[in-house]
Number of protein chains: 2
Amino acid sequence: MAIRTDAPTRREQILKEAARLFAERGFHGVGVDEIGAAVGISGPGLYRHFAGKDAMLAELLVGISGRLLTGAKRRLQESDGTPAEGVLDSLIEGHIDFALDDRPLITLHDRELDRLRDSDRKLVRQLQRQYVELWVQVLREVYPAIAEPAARSAVHSVFGLLNSTPHLGRPGSLPGRGTTAQLLHRMARGAFAAAAA
Amino acid sequence: MAIRTDAPTRREQILKEAARLFAERGFHGVGVDEIGAAVGISGPGLYRHFAGKDAMLAELLVGISGRLLTGAKRRLQESDGTPAEGVLDSLIEGHIDFALDDRPLITLHDRELDRLRDSDRKLVRQLQRQYVELWVQVLREVYPAIAEPAARSAVHSVFGLLNSTPHLGRPGSLPGRGTTAQLLHRMARGAFAAAAA
DNA sequence: CCCATAGGTTAACGACCGCTAACCTCCCTG
DNA sequence: CAGGGAGGTTAGCGGTCGTTAACCTATGGG
């Protein structure tokens, strides 16, 4: 995994602050002036970098869905041939990393989807659906007994479990990132096992 | 449990429609005219029943938190003396009923809290905290091995799991309410058991 | 029978918000 | 060294939104 070391571009700064503000107060609850102020420029200056407020949200949501999906696909390829249990663990691990490191994006991901233009919303939904189906496939390899509708429901529910990170108190009050990650991982596996019983 | 048979008051109609609209498009994304139209009157007519748009949201959120808490307290009393496992099952059952029957409220519950006046927000947060602590207490009776911070995290995560109902497809496409409820129940128990391991 | 009250209506005000226009200032390049 | 693009600025327009004001109508009790 290639780690970025160069400074973030202004565009990236804006996206990061916009994500935080949207998550905190909702898309309609944040004005462009506030987003600008968060990166040290004033409202209309944003339009040198984005076509509009909608475009920021669209880029955020498409970016999240895309990164989740490509990350999962990569994990699936890398663990080709290994037992399905390990693949499922890898998927869970990837999702937890994301949920712990990009909480604002996780929040936006299932909250502001309906604020998108039709075409963008369709794209995001398609990426999300592919991501879910990929999990469903792996889950049914580990637990062949579980029917497909139940598997899909179980996957959505486990996403709800893993995406609960924003409710687990501020990043400082947690018992430590590693401990929390392990707890979430165990719970996800336990929930899946129980779903198959 | 006393079942209402009389017709809903206009006030209740308004609250129900407002909840649905707020859940669909966000608090700031819905205008008072739309809420009025949803109950057959026009925008400003709402002010005969509520002090303002904020007051509707406040009543919704305080109502949800309060009903969840009192319901849990009642279940705790009714099952006094019975084994802790049964109490936990009863709590889970109550929360699932709520998540399946009042999806818009579940959505609002963790999404629009920050749009409240300070005093209302404090009240809601206090009710929520009591509800969580009640679960933590019961959970630690069932699994004495689990430490308190981990128990609290586990409870929040299971709420995330149970509150995933809005993502499980429209009420028609589900395999049936009872089946879904049982699946969620099993998964919650499985997640808790794994958290304690 | 009268009239107060509950529950509506439309018009309009003031604030805010997304966005554009017009302009300015570096800095890099031919 | 000219000049042009990149990236800012402020002013302001047009639309929307929450709320209030003023007015209307039915209805039920003294």
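Labels below follow one simple rule: chain letters A, B, ... track the order of the sequence lines, proteins then strands, and each chain is numbered from 1.
When rounded to the nearest whole Å, the span between CZ of A:Arg115 and C1' of C:dG18 equals 17 Å. A straight line from CZ of A:Arg48 to P of C:dC19 spans 15 Å, rounded to a whole angstrom. In this structure, B:Phe50 places its CZ atom 16 Å from C1' of C:dG8, rounding to the nearest Å. We find that CD of B:Gln13 is positioned 14 Å from C1' of C:dG8, with the value rounded to whole Å. In this structure, A:Ile41 atom CD1 and C:dC19 atom P are separated by 14 Å, rounded to whole Å. One interatomic measurement links the two molecules: NE2 of A:His28 to C1' of C:dC16, which rounds to 15 Å at whole-angstrom precision. Atom CG of B:Leu46 and atom P of C:dT10 are 13 Å apart (whole Å). We find that OH of B:Tyr47 is positioned 15 Å from C1' of C:dA11, with the value rounded to whole Å.
The nucleotide range of DNA chain D contacted by chain A, defined by atoms under 4.0 angstrom from heavy atoms of the protein and reported 5' to 3', is D:dG7 to D:dA11.
Between A:Tyr131 and A:His95, the angle of the ring planes stays under 30°, which puts this pair in the parallel group of the 30/60° scheme. Using cut-offs of 30° and 60° on the angle between ring planes, the pair A:Phe159 and A:Trp135 is perpendicular.
Ion pair B:Glu133/B:Arg129 not flagged as a salt bridge, since none of the NZ, NE, NH1 or NH2 atoms sits closer than 4.0 Å to an Asp/Glu carboxylate oxygen. Salt-bridge formation is detected for the pair A:Glu17/A:Arg20: a Lys NZ or Arg NE/NH1/NH2 atom is positioned less than 4.0 Å from an Asp or Glu carboxylate oxygen. Ion pairing between A:Asp102 and A:Lys16 fails under the 4.0 Å rule for side-chain N and carboxylate O.
Looking at every heavy atom in both residues, B:His109 comes nearest to B:Ser65 through NE2-OG, 3.8 Å.
Between B:His49 and C:dA6, a side-chain N or O to OP1/OP2 separation shorter than 4.0 Å is absent.
Across all strands shown, B:Val39 has no heavy atoms under 4.0 Å from either base or sugar-phosphate atoms. Within 4.0 Å (heavy atoms only), A:Gly45 reaches at least one base atom of the nucleic acid.
Side-chain contact, B:Ser119 with B:Arg117: a donor N or O sits under 3.5 Å from an acceptor N or O.
Nearer to the 5' terminus of DNA chain C, by closest-nucleotide assignment, is the contact made by B:Gly43 (compared with the other of B:Gly43 and A:Val30).
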